[in-house]
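Working notes, structure below.
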Protein chains: 2
Amino acid sequence: MTKGASLSEIHDAALQRLRQSDQRYTPNRRKLVETLHEAPHPQPIGSVLEQAAGLAQSSTYRNLTVLENAGVVHRIVTGDDHARFELSEDVTGAHHHHLVCTQCGNVLDVALSDQLEDLIHSELALAAASKGFNGQHHRIDLIGECVTCV
Amino acid sequence: MTKGASLSEIHDAALQRLRQSDQRYTPNRRKLVETLHEAPHPQPIGSVLEQAAGLAQSSTYRNLTVLENAGVVHRIVTGDDHARFELSEDVTGAHHHHLVCTQCGNVLDVALSDQLEDLIHSELALAAASKGFNGQHHRIDLIGECVTCV
DNA sequence: ATTTATGCAAATCGTTTGCAAACCT
DNA sequence: AGGTTTGCAAACGATTTGCATAAAT
C-alpha cells in the first residue's frame with residue numbers, strides 16, 4: 001500500500017531530517033525507507049530484512065535507530081518481542097494509531113477524526129499538567145484480534 | 001498510594017480470579033499483590049523484588065505471569081526495556097491510562113472522563129470493524145517527561 | 001587523509017526454563 | 001502419595017557492540 005506522500009517526497013523529507021541530525025542518507029538507509037514506504041503496515045526487522053535483500057542485520061538495527069532519532073522512522077514496541085517499524089508521521093504527514101493483534105502481534109494503522117484527536121489531546125494535556133508531566137504526544141492502541149486470527 | 005478498593009477486597013478478587021484459572025493463591029503471590037497495591041504507580045521487577053524481600057527473581061517472573069493470565073495483574077511494556085506491572089483494572093475497578101516518561105521510563109496513571117472514553121471507544125470500534133478487526137480494549141499513553149526529569 | 005558506514009562475530013541483559021527440593025491438599 | 005510451587009543456575013533470544021574493512025567527503 002502506498003502512502004499519501006510520493007516516494008520522492010519521502011526521500012526528500014528523509015534527507016532533510018537526516019541532514020539536520022548530521023547524518024548521511026546512505027544507500028542502505030534509502031533502501032530501508034523505500035521498504036517501509038511500500039509496506040502496508042508496520043514491519044518487524046525480520047520482514048524488513050526479507051524485503052530489502054542484502055542488508056546486514058546489525059547495520060539494519062543501527063540504521064533504523066539513526067532514522068528513528070532523525071524522526072524519519074517510528075519504532076513500535078507492543079510486547080510481543082519484535083519491535084516494528086514504520087515511516088514517521090512527520091514524514092508521511094498522516095497522524096494515526098494502531099490496532100494490535102494479541103494473537104499474531106501484527107499491527108495495523110487506523111485514524112481517528114480530527115475532532116476526537118483534539119478532545120483527547122486537550123484532556124490529556126490537562127491531566128498531565130496536574131502531575132507536572134510535560135506531554136509531547138500521545139499514542140492509542142486498540143488491542144484485539146486481526147481478521148486472520150479470529 | 002492506596003487505590004480505591006481495600007486490600008482485603010483486592011485479595012478476594014485476586015483469589016476468585018486465580019481459582020477461575022485453577023491456580024492457587026500462594027503466599028508469594030499474595031505478597032506480589034500487596035506490593036503492587038501499595039505502589040503509587042506501575043513497578044518494574046527490580047522494584048518489586050526490593051519491596052517484597054525474599055522473593056526469587058524467577059519465581060516472581062513466573063508468578064507475575066500467572067497473575068497476568070488470571071487477570072489480576074497488568075503488564076506494561078513501553079520500550080524502555082523493563083516491563084512494569086500494576087494491579088489490573090478488573091481488580092482495582094479504576095479504568096485509566098498512562099503517562100510515560102521518555103527519560104526515566106517511569107509510568108504514571110491518569111484518568112480521562114467517562115464521556116471521552118465513550119467517544120474514543122465507539123470511534124475505535126467503528127474504525128476497527130472496517131478492517132475486520134475484533135477490538136477488545138484500548139490503551140492510551142501520553143509520552144513526555146515526568147516532573148523529575150524536565 | 002579523516003571521518004563515517006558496513007558486516008561479521010561476539011557480548012549483553014531482561015526474561016525464560018530445567019531440575020531437584022519444599023510445599024500443599 | 002500426587003500434583004504444584006519454589007529457587008538456583010543455566011539457557012534463550014532480540015538487540016547491541018567491538019573491530020577491521022570499505023565507502024564517502
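A:Leu64 places its CG atom 16 Å from the C1' atom of D:dT17, with the value rounded to the nearest Å. One can place CZ of B:Arg19 at 10 Å from P of C:dT25, the figure rounded to the nearest angstrom. Put simply, CZ on A:Arg24 is 17 Å from P on D:dA22, counting in whole angstrom units. Counting to the nearest Å, the C1' atom of D:dA14 and the CG atom of A:Leu49 are 12 Å from each other. Residue A:Leu32 contributes atom CG, which lies 13 Å from atom P of C:dA5 at whole-angstrom precision. Between the OH atom of A:Tyr25 and the C1' atom of D:dA23 there is a distance of 18 Å, rounded to whole Å. The separation between A:Lys31 atom NZ and C:dA5 atom P is 17 Å, rounded to whole Å. Atom-to-atom, CG of B:Asp22 to C1' of C:dC24 comes out at 15 Å; the value is rounded to the nearest Å.
Side-chain atoms of A:His95 and A:Glu89 include a donor-acceptor pair closer than 3.5 Å. Side chain to side chain, A:His37 and A:Glu86 fail the donor-acceptor criterion of an N or O pair below 3.5 Å. In summary, the side chains of B:Asp80 and B:Thr78 do present a donor paired with an acceptor at a separation below 3.5 Å, with no hydrogens or angles considered.
Evaluation of the side chain to side chain donor-acceptor pair (under 3.5 Å) rule for B:Gln51 yields no partner, not counting sequence neighbours.
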task = Starting at the 5' end of nucleotides 6-22 of chain C, put B wherever the base has a protein heavy atom under 4.0 Å, S where only the sugar-phosphate does, and a dash everywhere else.
result = SBBB----SBBBB----
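None of B:Leu87, B:Asn28, B:Leu18 except one satisfies the side chain to side chain contact (heavy atoms under 4.5 Å, CB included) rule with B:Val33; the exception is B:Leu87.
Between B:His97 and B:His138, the distance from one ring center to the other falls under 6.0 angstrom.
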